[in-house]
Amino acid sequence: MYLQPFDSHTAPTDADVDELALTPATYDLVCSRTRKGRAVAPATRAQHAIRLLVLLSVAGEPVTTPPDPIEAVLAIRSERRLQALDFWLRNPDYLADELVSGVVAGNFEFSLLADADEMLNSKEPSLRHCPMPRWFYGAYEPIDDAMSLLEAHGLAIPARIGMPGNVRQTQFFLTAAGQRAGAEIAAEPGPLQWYTRQARFVALVAGNDSGSRLKDRQYQQAEYAGTELGSTIGSIHAQVRVRLREAQENVA
């Protein structure tokens, strides 16, 4: 097996590295959008990196060394799976709908409806809603630059499997240092704690499904599937609130 190093299209700058080195409590991971007529600063490469770090920390699977890198402790085995997880983390309304579906199907505890309700009605999800565009294989945003920041700090190891020119799979490994950073984010009082909590719900609804299966599930949403290529995937907040109310009334 050939393990090809991950090559970012844009190397991290000194400013990016300095930003990532700030304490977790200084981050407010928001996206470039307008909220109630007020412009919101665009999300940076470092903010994207922090979000991916949290997903690796919470949703990664144990590694096998070898053939996995000796520094690695957890892994997400495909970019398609990581992109699907990131979509749910960035879109609390879609994540809430997955919780409702799980409860209605009898797979999740009824108490999770309260968590879905909080995702839809508290201020935190609306502040951190971060839409993604749809491309050929679903929701997608390039992650090379964000992963290169994590790699520069020794927190993650992205790698491609296959021969040069014939890459079969991209994998993302969390190092022991990255695991410690994820634990620090989870324990640090402040806005980043919310992301760890959300990522745990993301891991719950994703289960062990492959990246392709997760994308298929996301495509079952009409709003998602009907989005034009290159356009931002719209919200399903209103529909989920109706489903949630029905589930609260009908599921015992």
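- Under 4.0 Å is where a charged nitrogen must lie from a carboxylate oxygen, and between Arg241 and Asp93 no such pair does.
- Residues Leu99 and Met119 are in side-chain contact: their nearest non-hydrogen atoms beyond the backbone lie under 4.5 Å apart.
- By the 4.5 Å heavy-atom criterion applied to side chains, Asp86 and His48 are counted as neighbours.
- In terms of heavy-atom proximity, Tyr195 sits nearest to Val54 at O-CG1, 3.7 Å.
- For the pair Arg217 and Val205, the minimum side-chain heavy-atom distance is below 4.5 Å.
- Across Gly234 and Tyr94, no two heavy atoms sit closer than the pair O-OH, 2.7 Å.
- Linking Ile, Leu, Val, Met, Phe, Trp and Tyr residues whenever their side-chain heavy atoms come within less than 4.5 Å places Leu120 and Trp194 in a single cluster.
- The local environment of CG in Leu229 is crowded, with over 12 non-hydrogen atoms from other residues, nucleotides or ligands closer than 6.0 Å.
- The CD1 atom of Ile157 sits 7.5 Å away from the CD atom of Glu151 when rounded to the nearest 0.5 Å.
- Here Phe87 and Tyr224 bring their ring centres to under 6.0 angstrom of each other.
- The heavy-atom pair separating Gln179 from Val73 by the smallest distance is OE1-CG2, 3.8 Å.
- Using a 4.5 Å heavy-atom threshold, the side chains of Gln221 and Thr227 count as separate.
- In this structure, the side chains of Glu79 and Gln171 stay at 4.5 Å or more apart for every pair of heavy atoms.
- Classification of Arg90 and Glu141 as a salt-bridged pair holds, one side-chain N sitting under 4.0 Å from a carboxylate O.
- The two residues Asn91 and Pro131 come nearest to each other via the heavy atoms OD1-CA, 4.0 Å.
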side-chain contact (heavy atoms from CB on, under 4.5 Å) evaluation trace for Ile185 with Thr196: CA-CA 8 Å; Ile185 288 171; Thr196 300; 3.8 Å; yes
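- The two residues Ile76 and Gly60 make their nearest non-hydrogen contact at CG1-CA, 4.0 Å.
- When side chains are defined from C-beta on, Phe172 does not count as touching Arg77, because their heavy atoms never get closer than 4.5 Å.
- Between Phe173 and Leu74, the closest side-chain pair of non-hydrogen atoms is not below 4.5 Å.
- A donor-acceptor contact closer than 3.5 angstrom links the side chains of Arg243 and Ser101.
- When atom types are taken as modelled, the side chain of Lys215 and the backbone of Ala139 share a donor-acceptor pair closer than 3.5 angstrom.
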Start with the C-alpha gap between Met132 and Thr232, add the side-chain angles, then the distance that decides, and say whether side-chain contact (heavy atoms from CB on, under 4.5 Å) holds. CA-CA 6 Å; Met132 294 177 72; Thr232 299; over 6 Å; no
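- Residues Ile236 and Asp97 have side chains in contact (heavy-atom distance under 4.5 Å, counting atoms from C-beta outward).
- In summary, Arg45 and Asp144 do not engage in a salt bridge, as defined by a charged side-chain N under 4.0 Å from a carboxylate O.
- Between the side chains of Tyr219 and Arg134, at least one donor N or O sits under 3.5 Å from an acceptor N or O.
- Closest of all the heavy-atom pairs between Ala146 and Ala49 is O-CB, 3.4 Å.
- Heavy atoms from other residues, nucleotides or ligands lying under 6.0 Å from CD of Glu228 number 12 at most.
- Side-chain contact, Ser210 with Arg81: no donor N or O sits under 3.5 Å from an acceptor N or O.
- Checked by atom type and distance alone, the side chain of Asp117 never pairs as donor or acceptor with a backbone atom of Leu113 at under 3.5 Å.
- No side-chain donor-acceptor contact under 3.5 Å links Gln83 to the backbone of Tyr140.
- The local environment of CD in Glu109 is sparse, with at most 12 non-hydrogen atoms from other residues, nucleotides or ligands closer than 6.0 Å.
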Ser57 vs Leu174, test: side-chain contact (heavy atoms from CB on, under 4.5 Å). Steps then yes/no. CA-CA 7 Å; Ser57 301; Leu174 187 73; 3.7 Å; yes
